[in-house]
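Notes follow once the structure below has been shown.
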Amino acid sequence: MTGTEFIHRFEPATSAGSPPLLLLHGTGGDENDLLGLGRMISPGAALLSPRGRVLEHGMPRFFRRLAEGVFDEEDVRHRARELGDFVAEAREQYGIAAPVAVGFSNGANIAAALLLLRPDVLAGAILLRAMVPLSDPPKAELGNKPVLLLSGQTDPMVPASNSAKLAALLSQAGAIVTHRVLPAGHQLSQADVTLARDWIGKVEAKAA
Ligand code: MLT
């Protein structure tokens with residue numbers, strides 16, 4: 001790759017017809033973390049899984065934060081551009097269509113930022129425990145892109161008002177948002193996997 005290097009894993013599709021997945025890990029994760037989740041959600045889809053380039057006490061992330069839940073928004077913008085460039089280059093290199101992001105926690109937050117800042121990059125997104133990534137996002141045009149937002153009812157990091165605001169923000173920008181609040185905390189549950197798998201099945205059926 002010529003431009004923005006991300007350490008990453010790529011697994012080619014083993015069956016046609018499913019959109020590629022862009023897997024975005026949480027704080028302290030890496031490019032291997034969500035491969036299993038990706039395979040469960042959409043068996044046979046191509047998987048593109050970068051490692052976040054920011055280190056917080058040695059833990060990879062996708063952008064800097066000032067404190068838990070308080071983001072360095074200049075860095076969010078910069079890193080979203082960088083990730084958008086990486087996806088564009090990877091699409092060319094691997095010959096894949098625009099991916100659906102599957103992001104958890106910090107990875108969900110950069111996916112939300114990508115939707116708002118670079119709406120052309122993603123075909124849709126599954127946002128697991130996401131927050132509003134920018135206090136003053138630009139007016140994005142998401143043209144009916146599908147977004148699944150799964151929040152945890154007892155998530156100590158993401159207040160209910162914050163995820164509701166993100167759902168509203170993405171809907172106002174034109175995304176078709178499905179927002180479900182699960183009986184869970186910040187960690188993922190079996191219900192996340194089942195709902196994500198069913199949702200992506202419907203997205204595929206619509207695109208077919
Ligand atoms: C973030 O920094 O993106 C959120 O606080 C979630 C996380 O801990 O990664």
Side-chain angles (χ1 to χ4, degrees), residues 4 6-8 21-38 48-84 86-87 99-118 121-122 125-138 140 147-170 173 175 177 179-189 191-193 196:
T4 321
F6 275 76
I7 294 169
H8 67 279
L21 301 182
L22 174 68
L23 303 173
L24 301 166
H25 63 78
T27 301
D30 68 20
E31 66 279 14
N32 300 303
D33 268 30
L34 299 186
L35 292 171
L37 178 69
L48 177 64
S49 187
R51 183 193 300 183
R53 287 160 51 99
V54 169
L55 285 182
E56 183 185 273
H57 308 300
M59 296 186 294
R61 288 175 50 85
F62 286 97
F63 57 82
R64 268 197 285 274
R65 64 180 163 184
L66 308 172
E68 198 172 280
V70 185
F71 304 150
D72 176 342
E73 295 201 13
E74 207 183 303
D75 197 56
V76 173
R77 288 170 191 269
H78 166 63
R79 301 292 174 180
R81 269 197 303 275
E82 204 174 64
L83 185 60
F86 163 75
V87 172
V100 170
V102 179
F104 167 62
S105 191
N106 180 245
N109 297 340
I110 195 72
L114 257 185
L115 284 170
L116 294 166
L117 295 167
R118 294 277 302 266
V121 171
L122 298 175
I126 298 175
L127 306 176
L128 306 165
R129 311 298 184 267
M131 302 175 69
V132 175
L134 294 162
S135 51
D136 187 19
V147 174
L148 176 65
L149 174 59
L150 297 180
S151 306
Q153 203 169 20
T154 55
D155 188 337
M157 293 178 73
V158 187
S161 58
N162 190 300
S163 49
K165 192 169 158 197
L166 177 60
L169 198 63
L170 294 170
V177 179
H179 184 198
R180 296 281 303 270
V181 182
L182 309 180
H186 197 67
Q187 291 313 309
L188 297 182
S189 66
D192 288 277
V193 179

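We count ligands from 1, going down the list as the structure has it; atoms in each ligand are counted the same way.
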List ligand 1 atoms under 4.0 Å from [X], heavy atoms only on the residue side.
| X | result |
| --- | --- |
| Gly69 | 5 (O) |
| Phe63 | 3 (O) |
| Arg61 | 1 (C), 2 (O), 3 (O), 7 (C), 9 (O) |
| Met157 | 5 (O), 6 (C), 7 (C), 8 (O) |
| Ser105 | 6 (C), 7 (C), 8 (O), 9 (O) |

For [atom], what is the closest protein heavy atom, and at what distance to 0.1 Å?
| atom | value |
| --- | --- |
| atom 9 (O) of ligand 1 | Thr27 OG1, 2.5 Å |
| atom 5 (O) of ligand 1 | Arg65 NH1, 3.2 Å |
| atom 4 (C) of ligand 1 | Asn109 ND2, 3.5 Å |

- Message: Out of the candidates Asn106, Leu66, Asn109, Val132, only one should pair with Phe71 under the side-chain contact (heavy atoms from CB on, under 4.5 Å) rule; please name it.
- Response: Asn109

- Message: If the test is side-chain contact (heavy atoms from CB on, under 4.5 Å), which one of Leu115, Leu114, Leu122 qualifies with Arg118?
- Response: Leu114

Between [X] (side chain) and [Y] (backbone), is there a donor-acceptor pair under 3.5 Å?
| X | Y | answer |
| --- | --- | --- |
| Arg65 | Ala67 | no |
| Glu31 | Ile7 | no |
| Ser49 | His8 | no |
| His179 | Ala164 | no |

- Which one of Arg129, His186, Gln187 satisfies the side chain to side chain donor-acceptor pair (under 3.5 Å) criterion with Ser105? His186

- Query: Does His186 reach ligand 1 with a nitrogen or oxygen that is under 3.5 Å from one of the ligand's nitrogen or oxygen atoms?
  - Reply: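 Min N/O separation from ligand 1 is not below 3.5 Å for His186.
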
